[in-house]
Amino acid sequence: MKLYVSVDMEGITGLPDYTFVDSSRHNYERARRIMTEEANAIIRAAVGNGAEEVLVNDSHSKMNNLLVEELHPDADLITGDLKALSMVQSLDETFDGAIFAGYHARAGQPGVMSHSMTFGVRNMYINDVAIGELGLNAYVAGHFGVPVILVAGDDCACREAEALIPGVVTAAVKQSISRSAVKTLHPTKARALLEEKTAEAIGKRSSIQPLVPPKQPTLRIEFTNYGQAEWAALMPGCEIEPGTTVVKFEAKDILEAYRAMLVMVELAMQTKFC
Ligand SMILES: [Zn+2]
């Protein structure tokens, strides 16, 4: 058995706000240690329940948050930025299941630090389904026939996962009180919960279906302001839906939609310089 683990940061135990997940802020060093221990709990349970290979992908911001020297030795780690498939880099049909940990709710929804990729994105859609990072990443896993078996994060991320992926096991390590306040488990208890839920998800994995993406999906991203939409629409194949800040791209498959999303969001970020 081969498992893939994508680890984001906003949904890690005990973290209420951006002072923990922004590498220039004072709480960040604490947060990355908790994040690493959380990944270790999942790896430990995966290996203890029959995984021969575990690939961990650091999926937050510059994607170099996990402390490799403190990571469980039985996992390989993808670390560093610029990956064509970003939060699901190197996920392919050879995996038996995917686990998303430290995840958060999509933009515009309740949930601690809820967002989709960057501050500039108000909504993302694949065809008419509103999705966030969780949904898009689950579609990529589905493209390769891989089921997402476990999602860990705050209660809102878990609810988003359950609405999208029938039968998925979830582990809510904290409850969102607002976008910047949580009621959290102690990290020690959260690790025990993650070990238990990882074991449960592995046991159930053959009954959880991959989230199959639509063929030739239409990606639509609604930006916060028109300037962001104008930057995103510079990409060939993109167009702004008249009278809106929505930029549309017809993709040949979900992998192309994913890369288009990365480029559009990156272009939209240019508005912070002008
Ligand atoms: Zn993140």
Side-chain angles (χ1 to χ4, degrees), residues 4-39 42 56-67 71 77-89 91 98-124 131-141 148 150-161 170-174 176 178-182 184 190 194 221 224 258 261-262 264-266 268-269 272:
Y4 184 93
V5 187
S6 169
V7 190
D8 199 356
M9 202 163 193
E10 288 85 350
I12 295 293
T13 306
L15 284 46
D17 60 39
Y18 283 99
T19 64
F20 287 82
V21 304
D22 174 341
S23 63
S24 68
R25 305 292 290 275
H26 58 287
N27 283 315
Y28 172 74
E29 290 300 325
R30 296 169 56 202
R32 66 195 302 203
R33 227 164 280 126
I34 301 173
M35 180 191 189
T36 305
E37 284 307 321
E38 213 130 290
I42 292 167
V56 175
N57 182 23
D58 194 325
S59 297
H60 173 72
S61 190
K62 293 296 165 198
M63 306 194 164
N64 55 7
N65 312 282
L66 289 164
L67 297 161
L71 197 68
L77 173 67
I78 297 176
T79 181
D81 202 5
L82 190 48
K83 302 178 282 194
L85 282 179
S86 187
M87 301 176 79
V88 279
Q89 180 62 40
L91 177 51
I99 292 173
F100 296 163
Y103 270 50
H104 51 82
R106 67 184 170 88
Q109 299 298 306
V112 68
M113 292 179 266
S114 62
H115 70 282
S116 300
M117 303 310 289
T118 70
F119 63 90
V121 173
R122 185 174 280 166
N123 279 299
M124 291 199 297
I131 48 152
E133 298 168 22
L134 195 163
L136 202 49
N137 292 337
Y139 272 145
V140 171
V148 177
L150 171 66
V151 173
D154 73 338
D155 57 328
C156 297
C158 291
R159 254 182 269 134
E160 188 172 314
T170 58
V173 295
K174 57 189 178 186
S176 166
S178 70
R179 194 167 175 275
S180 52
V182 292
T184 184
L194 287 167
I221 303 181
T224 305
Y258 199 99
M261 178 278 292
L262 291 177
M264 289 158 75
V265 164
E266 202 61 40
M269 295 275 282
K272 73 180 175 195

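Whatever order the structure lists ligands and atoms in, that order sets their numbers, starting from 1.
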Chemist: Of all N, O or S atoms in D8, identify the one at the shortest distance from the Zn ion (ligand 1).
Modeler: OD1
Chemist: The Zn ion (ligand 1) is nearest to which N, O or S atom of E10?
Modeler: OE1
Chemist: Answer yes if the side chains of Y103 and S6 hold a donor-acceptor pair under 3.5 Å, and no otherwise.
Modeler: yes
Chemist: Between E160 and H104, do the side chains contain a donor N or O and an acceptor N or O under 3.5 Å apart?
Modeler: no
Chemist: Under 2.8 Å from the Zn ion (ligand 1), can any N, O or S atom of H60 be found?
Modeler: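 It does; at least one qualifying atom falls short of 2.8 Å.
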Chemist: Run through V21, L66, V7 and flag the one making a side chain to side chain contact (heavy atoms under 4.5 Å, CB included) with H60.
Modeler: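 The side chain to side chain contact (heavy atoms under 4.5 Å, CB included) with H60 is passed solely by V21 among V21, L66, V7.
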Chemist: Do any of the N/O/S atoms of E133, backbone or side chain, fall under 2.8 Å from the Zn ion (ligand 1)?
Modeler: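 It does not: E133 brings no N, O or S atom closer than 2.8 Å to the Zn ion (ligand 1).
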Chemist: Quick check for you: to the nearest 0.5 Å, what is the distance between M35 atom CE and E10 atom CD?
Modeler: 9.0 Å
